[in-house]
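Data first, discussion second: the structure below is written as structure tokens.
Note on naming: letters A, B, ... go to the chains in the order of the sequence lines (proteins, then strands), and numbering restarts at 1 for each one. Model, not experiment: these values are computed from the prediction.
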Protein chains: 4
Amino acid sequence: MKIALIMENSQAAKNDVVYETLKNVVEPLGHEVDNYGMYGADDPNSLTYIQNGILAAILLNSGAADFVVTGCGTGEGAMLALNSFPGVICGHVQDPTDAFLFGQINNGNAIALPFAKGFGWGAELNLSYIFEKLFTGERGQGYPEERAVPIKRNKKILDEVKTKTYRPLVDILKDLDQDLVKGAISGEKFEELFFENAKDEEIIACVKELLGK
Amino acid sequence: MKIALIMENSQAAKNDVVYETLKNVVEPLGHEVDNYGMYGADDPNSLTYIQNGILAAILLNSGAADFVVTGCGTGEGAMLALNSFPGVICGHVQDPTDAFLFGQINNGNAIALPFAKGFGWGAELNLSYIFEKLFTGERGQGYPEERAVPIKRNKKILDEVKTKTYRPLVDILKDLDQDLVKGAISGEKFEELFFENAKDEEIIACVKELLGK
Amino acid sequence: MKIALIMENSQAAKNDVVYETLKNVVEPLGHEVDNYGMYGADDPNSLTYIQNGILAAILLNSGAADFVVTGCGTGEGAMLALNSFPGVICGHVQDPTDAFLFGQINNGNAIALPFAKGFGWGAELNLSYIFEKLFTGERGQGYPEERAVPIKRNKKILDEVKTKTYRPLVDILKDLDQDLVKGAISGEKFEELFFENAKDEEIIACVKELLGK
Amino acid sequence: MKIALIMENSQAAKNDVVYETLKNVVEPLGHEVDNYGMYGADDPNSLTYIQNGILAAILLNSGAADFVVTGCGTGEGAMLALNSFPGVICGHVQDPTDAFLFGQINNGNAIALPFAKGFGWGAELNLSYIFEKLFTGERGQGYPEERAVPIKRNKKILDEVKTKTYRPLVDILKDLDQDLVKGAISGEKFEELFFENAKDEEIIACVKELLGK
């Protein structure tokens, strides 16, 4: 699975520790990590948590990423922004039990983590346990086993509901403030990573237009 | 402020303890609580967490409620469902610090709580502290004070983004599975509470149609 | 390592889930679990959290167990009782990070867990992650690595201090209320497990006397 | 009530924020705070968590303080050190529910807090809620009310047990490494605060001797 990491301006300085922790846990499990930045506190290509939502929606809906790991100070802003877009189901995860249950029950394609609140000394431990319990084994199996049927049914209904509640992503991208959208895809490695991996032609075309290509 | 409580089938048995705890905390603060059920494990008008999302969207967008307190086993399902609808900004809150920061920074109009995960003995204490820290004083002031300006700006941008990303609620309600929607407004006290408080004529008309009135 | 499980009356009904979870995690790691009860809510040989302290001190100081897993409603009572005795260093552990850090930094020989507070649905997940992070690999290595020297030094100083602050266990056992002490060693399997594993002759003799043997 | 704050070397830089937060919460409740340091990362009078235990035992047993708030990186080391001494019942407290339940059920005279683990941005909020729930109202009332009788009985039994398990404090102070003990009472304001408030003549005499007075 291709996992994209996206971090916003207030916690950009922690990009290294989060990226290293994520890679160390998920690469042995057979996943890949694409680091979409911000790449530190001084990264000139700044992202707000709202832009995390725009970028995550582009990556997930285009197939450039299978899963997005993001966050902000408390994780709430990033979670709200991601869930404002079609094709994104973003959990808010604070501990390993959250991670496991979100993976098994809600089976979304993104998580938002608190990178400041509760993120004290030793926070890399909690992070690594979260990634371990989320990305080990198959997600979406329900928990406990005997509740698997209604859990999977509800997930399917939520997916269907979400196809009705949002506008198409390309329409959204055209109607949003264009500076906001362009800023979301201005990261140093965005073009390289996105065009190598994206599959949806309509979104690829839209992104090209946004980039003036 | 009028606070609506909405609980789904898996945790319906806890409606009493949550309702009493919420009332005990917020009534002295000058708020009112409307209990939209489910009213116990045997309540025949069952709600799934997805229907919590539909009902919350109807209440918040119509002005029938100013704030929604909801949840499910982990809170994630209800949070995802609510955030799938326009006009809803639903936090995922597990402790009093989450509650305060969500209120001050994200300033949403709903929270989803874990009513099973971590909800052991003494859980009513954590609940009451959460309500206290969320509903005391004015929300949306930012935290800490010196970060108030960018925090409020981002909240405003998120609000604007959300006006572009969702379809209109009435269109959504007409396109969703009609049994699903009707089930969401079948609670024993829904009609009484909703028609007494709702203000948006278009949504009121839509709900009347759904109820066959 | 031989791990003894001790539970008190208020949470005795959870003995099965805690014992099974502990065994499932630690047996594959090469450890053994001795279940000292209570064996359920109806177990006639009742233990209070204070008696957990007496029993844990007997097991650890005699060599009948290398490590004790115990707890009570919040874990605080059991923790306080165990730490009231010589030869016992009991952590209070609520999450996997607590477990890992206690193992690496404090390197004690007991933990007290909250078996009621926060022990909601899915609590067996948190339990199993706690056991996994505590009992995997070698404890007492310090964390992070570069702090290993002062951490190990402090642990050694604490051990030395504790040799001065407590009275000898056998003297304590003789001076405490004898019904309290006898109750602590009245569990159905105590005699079998204790005499098979204890190594300290003085404590063995003291226990025999207490049992009227 | 007179509350003493004691912090060790690894988290000494947080003395200000902890002291201010504690004072802001407890002074309006009618309590006083004595800050025994360390007074910052550069304070030359360094305390290890073990010395926190020695100092807390001197303050509580002499009557110089009614309650001790302490901690270390995870809180475990300080908790273990304090509970190694007679006359001290020190809880390990991580959240407001811990604080309330420890106050009502265990009714100890000290708490050890994690000043590094989980102590991220906004940690002053959790701190202030902890102090609020611990120090508001009367402690030792049991919780819930209907369990007050056995809870108070067990607390009384623990107190009695502890009178048998430890050696007298003055004997301990004489037998411990004298540099360790002297270091524990070397804080800049120790003499002023201690001699103004201590009531136990034997401990006062012992402290004077240690100070070479």
Side-chain angles (χ1 to χ4, degrees), chain A residues 8-10 48-51 53-54 57 72-77 79-86 88-95 97-98 101-102 105-106 108 112 114 116-118 143 147 150-151 153-155 157-158 160-167 169 171-177 180, chain B residues 8-10 48-51 53-54 57 72-77 79-86 88-95 97-98 101-102 105-106 108 112 114 116-118 143 147 150-151 153-155 157-158 160-167 169 171-177 180:
Chain A
E8 46 74 75
N9 51 12
S10 82
T48 64
Y49 66 78
I50 298 152
Q51 290 170 310
I54 298 170
C72 56
T74 64
E76 300 278 7
M79 175 277 280
L80 292 169
L82 270 76
N83 285 321
S84 296
F85 286 87
V88 184
I89 294 190
C90 179
H92 182 247
V93 166
Q94 303 206 53
D95 64 44
T97 301
D98 281 352
L101 292 173
F102 176 72
I105 295 175
N106 307 98
K117 182 237 167 189
Y143 185 85
R147 292 270 307 158
I151 285 170
R153 185 174 55 226
N154 278 333
K155 155 69 172 149
I157 295 172
L158 179 63
E160 286 165 13
V161 164
K162 287 175 75 82
T163 65
K164 311 287 187 187
T165 61
Y166 298 91
R167 298 174 62 219
L169 180 60
D171 293 358
I172 293 170
L173 293 175
K174 289 179 179 163
D175 283 358
L176 289 180
D177 178 294
L180 190 74
Chain B
E8 46 73 78
N9 51 13
S10 83
T48 65
Y49 67 78
I50 298 152
Q51 290 171 311
I54 298 170
C72 56
T74 65
E76 301 278 7
M79 175 277 278
L80 292 169
L82 269 76
N83 284 321
S84 297
F85 287 86
V88 184
I89 293 189
C90 179
H92 182 246
V93 167
Q94 303 206 52
D95 63 44
T97 301
D98 282 351
L101 293 173
F102 176 73
I105 295 174
N106 307 99
K117 184 235 165 190
Y143 185 86
R147 293 270 306 156
I151 285 170
R153 184 174 57 228
N154 278 333
K155 153 70 172 150
I157 295 172
L158 180 63
E160 286 164 14
V161 164
K162 287 175 74 84
T163 63
K164 312 286 188 186
T165 61
Y166 299 91
R167 299 174 62 219
L169 180 59
D171 293 359
I172 293 169
L173 293 175
K174 287 179 179 163
D175 283 359
L176 289 180
D177 178 295
L180 191 74

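Rounding to the nearest 0.5 Å gives a distance of 7.0 Å between SG of A:Cys72 and CG of B:Asn106.
For a residue to count as touching a neighbouring chain, one of its non-hydrogen atoms must lie under 4.5 Å from one of that chain's; by this rule B:Asp95 touches chain A with the side chain only. Interface remark: A:Asp171 contributes no atoms to any contact with chain B (heavy atom separation under 4.5 Å). The part of A:Leu180 that comes within reach of chain B is its side chain, from C-beta onward, which places non-hydrogen atoms under 4.5 angstrom from that chain. Both the backbone and the side chain of A:Ile157 come within less than 4.5 Å of a heavy atom of chain B.
No other option in A:Cys90, A:Pro86, A:Gly108 has as many heavy-atom pairs under 4.5 Å with chain B as A:Cys90. Ranking A:Leu80, A:Asp175, A:Val93 against chain B, the residue ahead of the rest is A:Leu80, based on heavy-atom pairs under 4.5 Å.
For the pair B:Arg167 and A:Lys164, the tightest heavy-atom approach, listed with the atom from each and the gap, is NH1-O, 2.8 Å. Closest non-hydrogen pair, A:Ile50 versus B:Leu158, comes out as CD1-N, 3.7 Å. In terms of heavy atoms, A:Ser10 sits closest to B:Arg147 at CB-NH2, 4.5 Å.
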* To do: Go through the steps to decide whether B:Asn83 and A:Met79 satisfy the test side chain to side chain contact (heavy atoms under 4.5 Å, CB included), and finish with yes or no.
  => CA-CA 9 Å; B:Asn83 284 321; A:Met79 175 277 280; 3.6 Å; yes
* For side chain to side chain contact (heavy atoms under 4.5 Å, CB included), just list the numbers for A:Asn154 and B:Glu8, CA-CA rounded to whole Å, side-chain angles, deciding distance to a tenth of an Å, and then say yes or no. => CA-CA 12 Å; A:Asn154 278 333; B:Glu8 46 73 78; over 6 Å; no
* To do: Carefully, step by step, assess A:Gln94 and B:Asp98 under the rule side chain to side chain contact (heavy atoms under 4.5 Å, CB included).
  => CA-CA 11 Å; A:Gln94 303 206 53; B:Asp98 282 351; 2.7 Å; yes
* Full working for side chain to side chain contact (heavy atoms under 4.5 Å, CB included) between A:Leu101 and B:Glu76 -> CA-CA 9 Å; A:Leu101 292 173; B:Glu76 301 278 7; over 6 Å; no
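Residues satisfying the side chain to side chain donor-acceptor pair (under 3.5 Å) test with B:Lys162, not counting sequence neighbours, are A:Ser84, B:Tyr166. Qualifying ring pair (Phe, Tyr, Trp, His ring centres under 6.0 Å) partners for B:Phe102, counting only residues two or more places apart in sequence or in other chains: none.
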